[in-house]
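Atoms considered below: every heavy atom in the structure, side chains included; atoms not considered: hydrogens, waters and symmetry mates. Labels below follow one simple rule: chain letters A, B, ... track the order of the sequence lines, proteins then strands, and each chain is numbered from 1.
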Amino acid sequence: MIVLHGEQVHCLICKHGFEFDIFVGSALVDMYAKCFEMRAAGRMFDEMPERNLVSWNSMIVGFLLNKLYDQAVRFFTEVLGETLITPDQIIKTGFGMNTCVSSSMITMYAKCGSLVDAQRVFQESEYPNVVSWTAIISACQQHGCANQVIELFENMLEEGIKPDYITLVSVLSACSHTGRVEEGFAYFNSMTTVHSLNPGPEHYACMVDLLGRAGRLNEAKRFAESIPIKPDASVWGALLGACRNHGDLEMGRDVADKLFEIEPNNPGNYVLLCNMYTRNGRLEEANEVRRLMGVNGVRKEPGCSWIDVKNETFVFTAHDRSHSRTKEIYEMLEKIKQLVKKKVYVAATQFAINNVEEYKEQSLWYHSEKLALAFGLLTVPAGAPIRIKKNLRTCGDCHTVMKFASEIFNREIIVRYINRFHQFVDGLCSCRDYW
DNA sequence: GTAGGGTTAG
């Protein structure tokens with residue numbers, strides 16, 4: 001809708017003959033991109049008689065804003081007129097010294113699963129500012145290294161760098177994911193008493209998550225209800241997740257009802273409640289939730305896992321048989337199963353949600369992350385870590401199998417679930433099973 | 001006229 005005003009101004013610009021001005025043209029590209037009209041932005045860009053750095057940047061930023069990441073990269077390589085730029089080239093050009101670039105690189109490495117590289121970039125950055133510090137703090141947070149988060153945060157304060165809103169989100173999240181309830185509250189309180197920061201919905205969500213994850217559901221609920229601002233979906237979402245983790249169906253149902261009103265199109269809430277009913281053997285109610293999903297036109301995003309091998313990305317869905325090496329993959333899966341069973345492993349069939357009893361255990365073995373693991377064991381050279389990413393949270397059974405596999409095959413396995421990393425080494429996970 | 005870091009949930 002807003003673009004209507006922009007179009008009117010665009011018309012006026014044309015009438016007065018300013019459409020070929022490079023400043024005006026770039027601003028129009030930017031305007032269309034920000035109105036989520038990327039095609040119009042592209043047309044504008046194509047029609048510009050000349051373009052400069054800002055025009056190109058406006059296009060790239062526009063792609064990012066519209067979540068067209070691949071196109072952003074393609075466009076960028078077009079600017080350079082060469083193939084993809086590598087981190088090595090960034091260092092050579094000297095751009096690595098730029099704090100914008102280096103903080104982005106910290107984030108990039110962390111999100112690609114390499115915390116050590118992220119740390120190296122941070123150490124090499126000359127004048128880290130609040131964004132650089134927050135980038136490395138978040139990186140450690142996403143990798144479950146809460147000790148480092150706290151250490152870095154304290155170092156940052158000693159260096160005289162003032163934390164901001166986002167820094168505290170990461171610190172609080174680190175506390176919640178490692179059961180540091182008291183410390184979490186201390187940091188939360190320090191926002192107002194020390195740092196002059198007003199907590200926002202994200203901070204409140206972290207605090208509800210902190211209490212909820214620790215199993216203190218009633219306190220979490222009371223906290224959510226006492227928030228001075230109107231609690232948003234993320235606050236109730238955190239509480240619903242805690243109800244699922246700790247099996248509180250009654251509270252879960254109340255919270256889910258709230259969420260269905262606030263965000264009826266979010267499939268996650270339906271799935272959580274449905275799973276809770278199923279796990280409690282209340283299949284009729286579970287079906288009712290599924291029906292509600294259908295009525296509201298909501299569809300569950302299918303779970304999938306992917307793994308990079310030699311510059312190629314392989315994607316697996318549950319029960320996937322589309323890969324050319326499917327036979328070997330399923331054989332490897334069988335092998336993992338036999339070896340794991342020799343340990344004290346017992347299939348956690350409560351995580352097999354939609355299956356008839358006798359198929360439950362077998363079905364667990366075809367979760368997408370296990371398929372990716374089997375493929376990784378077949379293809380990733382010994383000694384190199386197996387890196388898997390998954391778009392959804394994993395189930396308890398997969399988490400257990402990853403631990404066993406790391407020990408049995410003597411492999412480091414790094415798995416990202418949504419946006420947090422678990423590192424499995426010698427039969428243990430970096431999250432120490434608190435997740 | 002453009003540009004870096006973030007939470008919960010399947």
[X] [atom1] - [N] [atom2] separation (whole Å):
{"X": "A:His367", "N": "B:dG10", "atom1": "NE2", "atom2": "P", "value": "13 Å"}
{"X": "A:His143", "N": "B:dG6", "atom1": "NE2", "atom2": "C1'", "value": "15 Å"}
{"X": "A:Phe75", "N": "B:dA3", "atom1": "CZ", "atom2": "P", "value": "15 Å"}
{"X": "A:Met191", "N": "B:dT7", "atom1": "CE", "atom2": "P", "value": "15 Å"}
{"X": "A:Trp435", "N": "B:dT8", "atom1": "CH2", "atom2": "P", "value": "14 Å"}
{"X": "A:Met31", "N": "B:dT2", "atom1": "CE", "atom2": "P", "value": "13 Å"}

For A:Asp209, check side chain to side chain donor-acceptor pair (under 3.5 Å) against everything at least two apart and list the hits.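 Only A:Ser176, A:Arg213 meet the side chain to side chain donor-acceptor pair (under 3.5 Å) criterion with A:Asp209.
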Which is true for A:Ser58 with a 4.0 Å heavy-atom rule: it touches a base, it touches only sugar-phosphate, or it touches nothing? sugar-phosphate
Indicate whether OP1 or OP2 belonging to [N] is found under 4.0 Å from a side-chain N or O atom of [X].
{"X": "A:Gln141", "N": "B:dT7", "answer": "yes"}
{"X": "A:His177", "N": "B:dT8", "answer": "yes"}
{"X": "A:Arg213", "N": "B:dA9", "answer": "yes"}

Would A:Arg39 count as a cation-pi partner of A:Tyr32, with NZ or CZ less than 6.0 Å from the six-membered ring centre and within 45° of the ring normal?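 No, A:Arg39 does not sit over the ring of A:Tyr32.
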Can you tell me which residue pairs pass the ring-ring contact (aromatic ring centres under 6.0 Å, His included) test with a partner in residues 155-177 of chain A, sequence neighbours excluded? A:Tyr165-A:His203
Hey, is the side chain of A:Asn98 pairing donor to acceptor with the base of B:dG4 inside 3.5 Å? no
Polar side-chain contact A:Ser103-B:dG5 base: donor and acceptor under 3.5 Å: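 Side chain to base: no pair present.
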When you check the side-chain N and O atoms of A:Thr167 and A:Thr134, is any donor under 3.5 Å from an acceptor?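 Short answer, yes.
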